[in-house]
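Every chain is numbered from 1 and lettered A, B, ... according to where its sequence line falls, protein lines coming before strand lines.
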Amino acid sequence: MNYWLIKSEPDVFGIEHLQRHHETVWDGVRNYQARNYLQSARVGDVMFFYHSNIDPIGIAGLCKVVEGNVVDPSQFDPKSKYFDPKSSRAAPRWWTVRVQFVEKFAQVITLEALRQHFTPDDLVVLRKGNRLSVMPVGEDAALRLLAMER
DNA sequence: GCCAACGTTGGC
DNA sequence: GCCAACGTTGGC
């Protein structure tokens with residue numbers, strides 16, 4: 001099993017939205033490296049749900065992959081902001097996963113707390129200039145994160 | 001294939 | 001609102 005961190009702006013879609021909807025297709029990722037990570041995610045993988053552009057910034061909960069290799073439907077929808085005219089149903093560009101809500105943390109693990117306990121080598125999200133919206137989390141870091149939230 | 005211009009992300 | 005970082009676009 002692998003661990004990941006996925007970023008979202010909670011004003012658009014936060015952990016509470018996922019809690020309410022129970023499951024969602026993680027659509028709208030339009031960066032090739034992030035897409036490649038999503039393509040390598042497998043059913044059962046755990047994803048840390050990170051809130052950006054909000055106070056407090058940080059990891060707000062957990063979800064898990066319940067379906068892999070999902071074609072992102074928004075790439076075909078001309079009304080979607082994620083529409084990609086260069087993609088086609090015969091040869092889709094953008095793939096993702098379906099995730100299921102697992103847990104909303106009682107307290108967000110803040111960016112400040114992450115910086116106190118981890119180095120940028122431990123956690124990609126702490127690396128300067130990092131803008132990936134999907135990134136792997138090593139098992140050591142993942143287990144330490146899971147221990148932190150209780 | 002290079003690279004300047006441009007747009008977006010995201011912390012502050 | 002600012003701005004550093006960085007991915008993408010498009011002219012050449």
Near DNA chain C, counting only heavy atoms under 4.0 Å, which residues of residues 120-129 of chain A show up? A:K128, A:G129
Hey, are A:W4 and A:D45 close enough side-chain-wise for a donor-acceptor pair under 3.5 Å? yes
Is the backbone N or O of A:D77 less than 3.5 Å from a side-chain atom of A:S80, with the two atoms forming a donor-acceptor pair by type? no
Working note: A:S74 + A:D72, criterion side chain to side chain donor-acceptor pair (under 3.5 Å); need CA distance, chi angles, decisive distance, verdict. CA-CA 6 Å; A:S74 65; A:D72 181 341; 2.6 Å; yes
Using five pairs at each end of the helix from B:dG1-C:dC12 to B:dC12-C:dG1 to define an axis, what is the angle between those two axes, to 10°? 10°
What are the 5'-most and 3'-most nucleotides of DNA chain B lying under 4.0 Å from any heavy atom of chain A? B:dG7 to B:dC12
On the 0 to 90° scale, with breaks at 30° and 60°, tag the A:W26-A:F13 ring pair as parallel, tilted or perpendicular. perpendicular
With a 4.5 Å limit on heavy-atom distance, are the side chains of A:L146 and A:Y3 in contact? yes
Is there a side-chain contact between A:V125 and A:F48 in this structure, where contact means two heavy atoms from C-beta onward sitting under 4.5 Å apart? no
Are the side chain of A:H117 and the backbone of A:L114 linked by a donor-acceptor contact shorter than 3.5 Å? no
With nearest nucleotide decided by heavy atoms, which residue, A:I57 or A:R131, maps closer to the 5′ end of DNA chain B? A:R131
Taking atom CD of A:E23 as the centre, does the number of heavy atoms from other residues, nucleotides or ligands within less than 6.0 Å exceed 12? yes
Could you please spell out the steps behind the side-chain contact (heavy atoms from CB on, under 4.5 Å) verdict for A:L145 and A:I59? CA-CA 9 Å; A:L145 282 169; A:I59 298 173; 4.1 Å; yes
Check whether the side chains of A:Q75 and A:S87 place a donor and an acceptor atom closer than 3.5 Å, and report yes or no. yes
